[in-house]
Amino acid sequence: MSSATLIVIAASAIAAIVQLRHLRAGNQLNGLITVFGMLQDPSVRELVNYVRHELSDRLKGRDFRESLLEIPVDREKHRELYLCDMYNHIGSFVRSGLIDERTYLQTDWYNVNLYWGLLAEVIAIVRRNRPHLFENFEYLAARAKAWIERHPGGDYPRTEQHMLASTRT
């Protein structure tokens with residue numbers, strides 16, 4: 001094989017790797033756009049408001065808690081499980097590399113942490129007889145917690161000046 005042929009093959013291989021990286025980045029961007037669009041959907045916003053403002057009162061009721069153990073769970077009564085499902089799917093996408101963890105958590109770490117805290121009791125109850133349910137949501141929450149621990153002062157670039165005086169470090 002001549003040197004010229006070897007150079008052409010090497011250049012082709014490098015070009016293919018670069019193209020694959022661009023395709024992967026494009027696919028991850030499309031995944032992120034889809035996920036963030038889903039999180040802004042009015043029906044999801046309604047569900048989020050339910051979890052934030054009504055769920056804790058409902059969890060005080062014995063019948064409500066016990067009905068979480070039914071198989072299948074009545075999803076009309078337990079709308080909160082739809083939010084668990086959604087974050088479980090997102091966790092699966094992050095875990096499998098379909099969505100870049102750093103990019104996702106840079107934007108949504110707060111919400112993942114918040115909703116895990118609001119839904120952990122529900123998940124603990126349903127796991128009494130379905131021990132592996134919502135594992136990807138738990139994984140995502142664990143990664144969000146690690147993100148918070150790695151960025152206790154936020155993630156704003158140190159080389160950039162803050163626009164608000166109250167956030168300057």
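What you see is a predicted model; the values in this text were computed from it and never measured. No hydrogens, no waters, no symmetry mates; every other heavy atom, side chains included, goes into these values. Along the sequence shown, residues are numbered consecutively beginning with 1.
A salt bridge between Glu101 and Arg95 is absent, with no side-chain N of the basic residue lying under 4.0 Å from a carboxylate O of the acidic one. Note on Arg58 versus Asp63: no salt bridge recorded, every NZ/NE/NH1/NH2 to OD/OE distance being 4.0 Å or above.
Residues Glu138 and Ile123 form no side-chain contact, since every pair of their non-hydrogen atoms from C-beta on lies 4.5 Å or further apart. Within the 4.5 Å cutoff, the side chain of Glu135 has heavy atoms near those of the Arg127 side chain. Within the 4.5 Å cutoff, no side-chain heavy atoms of Leu140 are placed close to those of Asn136. Counting only heavy atoms from C-beta outward, the side chains of Lys145 and Trp116 never approach each other to under 4.5 Å. In this structure the side chain of Arg65 never reaches within 4.5 angstrom of the side chain of Val122, judged on heavy atoms. Put simply, the side chain of Val94 does not reach to within 4.5 Å of the side chain of Arg143, judged on heavy atoms. For the pair Leu83/Leu119, a side-chain contact is recorded, criterion being any heavy-atom separation below 4.5 Å from C-beta on. Inter-residue side-chain proximity for Thr103 and Thr107 is flagged as unmet; no heavy-atom pair is nearer than 4.5 Å.
With a 6.0 Å radius and a threshold of 12 heavy atoms from other residues, nucleotides or ligands, Glu46 has its CD atom at or below the threshold. Other residues, nucleotides and ligands place more than 12 heavy atoms under 6.0 Å from the CZ atom of Arg150.
The distance from atom CZ of Arg75 to atom CG of Asp85, rounded to the nearest 0.5 Å, is 4.0 Å. Taking CG from Asp74 and CG from Leu81, the interatomic distance works out to 10.0 Å, rounded to the nearest 0.5 Å. With rounding to the nearest 0.5 Å, the separation of OH in Tyr115 from SG in Cys84 is 12.5 Å. In this structure, Lys60 NZ and Leu55 CG are separated by 11.0 Å, a value rounded to the nearest 0.5 Å. Here the CD1 atom belonging to Ile90 is positioned 6.5 Å from the CD1 atom belonging to Ile99, to the nearest 0.5 angstrom. How far CD1 of Ile125 is from CZ of Phe64: 8.5 Å, rounded to the nearest 0.5 Å.
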Problem set entry | Derivation and outcome, ring pair (Phe, Tyr, Trp, His ring centres under 6.0 Å), residues Phe137 and His89 | CA-CA 7 Å; Phe137 183 11; His89 293 311; over 10 Å; no
Problem set entry | From CA spacing to verdict: side-chain contact (heavy atoms from CB on, under 4.5 Å), Val126, Leu69 | CA-CA 6 Å; Val126 298; Leu69 296 171; over 6 Å; no
For this session: Run the numbers on Gln106 and His151 for side-chain contact (heavy atoms from CB on, under 4.5 Å), then give the verdict.
Result: CA-CA 10 Å; Gln106 191 172 33; His151 303 94; over 6 Å; no
Problem set entry | Stepwise side chain to side chain donor-acceptor pair (under 3.5 Å) test for Asp108 and Asn111 | CA-CA 5 Å; Asp108 211 35; Asn111 288 326; 2.8 Å; yes
For this session: Report the C-alpha separation of Leu68 and His78 in whole Å, then their side-chain angles, then the decisive distance to 0.1 Å, and conclude whether the side-chain contact (heavy atoms from CB on, under 4.5 Å) test is met.
Result: CA-CA 8 Å; Leu68 283 165; His78 291 286; 3.3 Å; yes
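The shortest non-hydrogen separation linking Val112 to Ala144 is CG1-CB, 3.7 Å.
Note: the hydrophobic cluster containing Tyr104 does not contain Tyr156 (ILVMFWY, side chain heavy atoms under 4.5 Å, direct or indirect links).
With Tyr50 as reference, Glu80 is the one residue of Arg79, Arg45, Glu80 to meet the side chain to side chain donor-acceptor pair (under 3.5 Å) rule.
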